[in-house]
Amino acid sequence: MSIKLPKIFLDSGNPEETKRAKGLLGHIDGQTTNPSLVAKHPEAQRFLSQGKKLTEEELLKFYRQIIEEIGREIAGSISVEVYADWDSTASQMLKQAEKMFTWGRNIHIKFPTTEEGLKAASEFTKNGGRVNMTLVFNQTQAAASYAATLQSKETHFVSPFIGRLDDRGVNGLDLVKNIIKLYRKFNKQDKSNILVLAASIRTLQHLYSSIFMGADVVTIPFKIAQEWVKEEKWMPDKHYRPSQSGLKYLKYEDLAFYNNFEKYKIPHIEDDLLDEGLKKFVADWKSLAKI
Ligand code: G3P
């Protein structure tokens with residue numbers, strides 16, 4: 001059994017890192033961005049240190065410039081994230097998505113995997129859009145993302161966040177494994193074009209284990225790209241065994257397949273990882289602009 005190399009994306013809001021990662025790795029297949037990563041851009045850090053706030057329009061212009069600069073470096077997919085809090089409606093997210101989709105040739109729109117985000121994704125993909133469903137912390141969100149994108153012939157992504165689950169003492173890699181298993185079962189009943197994109201990668205173990213488990217795409221921060229190059233881009237083989245992490249095991253749930261995404265319920269639970277993740281993106285966006 002040989003292990004297939006997934007597509008390797010860079011997880012960064014800084015086009016300088018795109019250039020450097022390309023130089024280091026020889027090639028990158030795509031890039032993912034989000035509000036927290038854009039807020040880490042050196043120019044954004046300069047605004048912040050001067051206590052300066054952008055208008056919403058200026059922030060979008062700044063984000064667009066970043067995406068266009070990345071687009072001059074790579075031909076592959078670039079993920080751009082909509083602004084969303086718990087009150088954002090699907091139609092507000094869709095409006096943003098339609099604009100952001102024009103920022104490059106190969107854009108995927110990141111929608112939060114909330115009930116409104118899923119509605120937006122379903123509409124958007126029915127009309128030819130491409131999506132990356134983000135902030136995924138459980139199989140129900142992954143199943144709903146599968147169903148929400150079924151009508152489309154484009155390729156989409158679902159992004160389980162490994163490191164954030166680890167932060168709460170739960171093995172995030174188990175979620176990647178469980179989603180891959182669930183999608184294999186679903187694929188027998190229907191044909192979908194949604195790929196598993198392992199995100200929130202913090203260590204080389206996360207990278208190696210995601211590759212070993214069969215993730216279709218892995219998005220890595222620049223620091224992990226540097227560490228991987230030091231290891232001469234080592235690849236796991238069939239003898240690789242993910243190290244015992246001491247984290248809580250996440251059991252596989254044998255969810256039923258529905259082609260109606262609304263059958264999967266995604267509750268709003270105060271302080272769970274989805275709530276925390278959404279609030280963090282909102283806070284990082286609001287640190288930069290008056291929204
Ligand atoms: O790709 C998602 C990623 O940017 C989140 O990573 O380290 O903030 O959990 P992290």
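Side chains are part of it too, since the values below use all heavy atoms of this structure and drop only hydrogens, waters and symmetry mates. Each ligand, and each atom within it, is numbered from 1 in the order the structure gives. Numbers here simply count residues along the sequence, with the first being 1.
Under the salt bridge (charged side-chain N to carboxylate O under 4.0 Å, His left out) criterion, no residue pair touches residues 243-253, with sequence neighbours excluded. A salt bridge (charged side-chain N to carboxylate O under 4.0 Å, His left out) check over residues 43-60, counting only residues at least two apart or in different chains, returns nothing.
Between Glu17 and Arg20 no salt bridge is recorded (no basic side-chain N to carboxylate O distance below 4.0 Å).
Taking His27 as the reference, Asp29 meet the side-chain hydrogen bond (donor to acceptor under 3.5 Å, both in side chains) condition, with sequence neighbours excluded.
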With the criterion set at N/O pairs under 3.5 Å, what does the list of contacts between the protein and ligand 1 look like, atom names and distances included?
unit_1, atom_1, unit_2, atom_2, d
ligand 1, 1 (O), Asp11, OD1, 3.2
ligand 1, 1 (O), Asp11, OD2, 3.0
ligand 1, 4 (O), Asp11, OD1, 3.4
ligand 1, 4 (O), Asp11, OD2, 2.6
ligand 1, 4 (O), Asn34, ND2, 3.1
ligand 1, 7 (O), Arg202, NE, 2.8
ligand 1, 8 (O), Arg164, NH2, 2.9
ligand 1, 9 (O), Arg164, NE, 2.7
ligand 1, 9 (O), Ser200, OG, 2.7
ligand 1, 9 (O), Arg202, NH2, 2.9

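Here the two rings, on Phe281 and Tyr83, have centers that are 6.0 Å apart or farther.
When each of Lys185, Lys181, Arg184 is checked for a salt bridge (charged side-chain N to carboxylate O under 4.0 Å, His left out) with Asp254, only Lys185 meets the rule.
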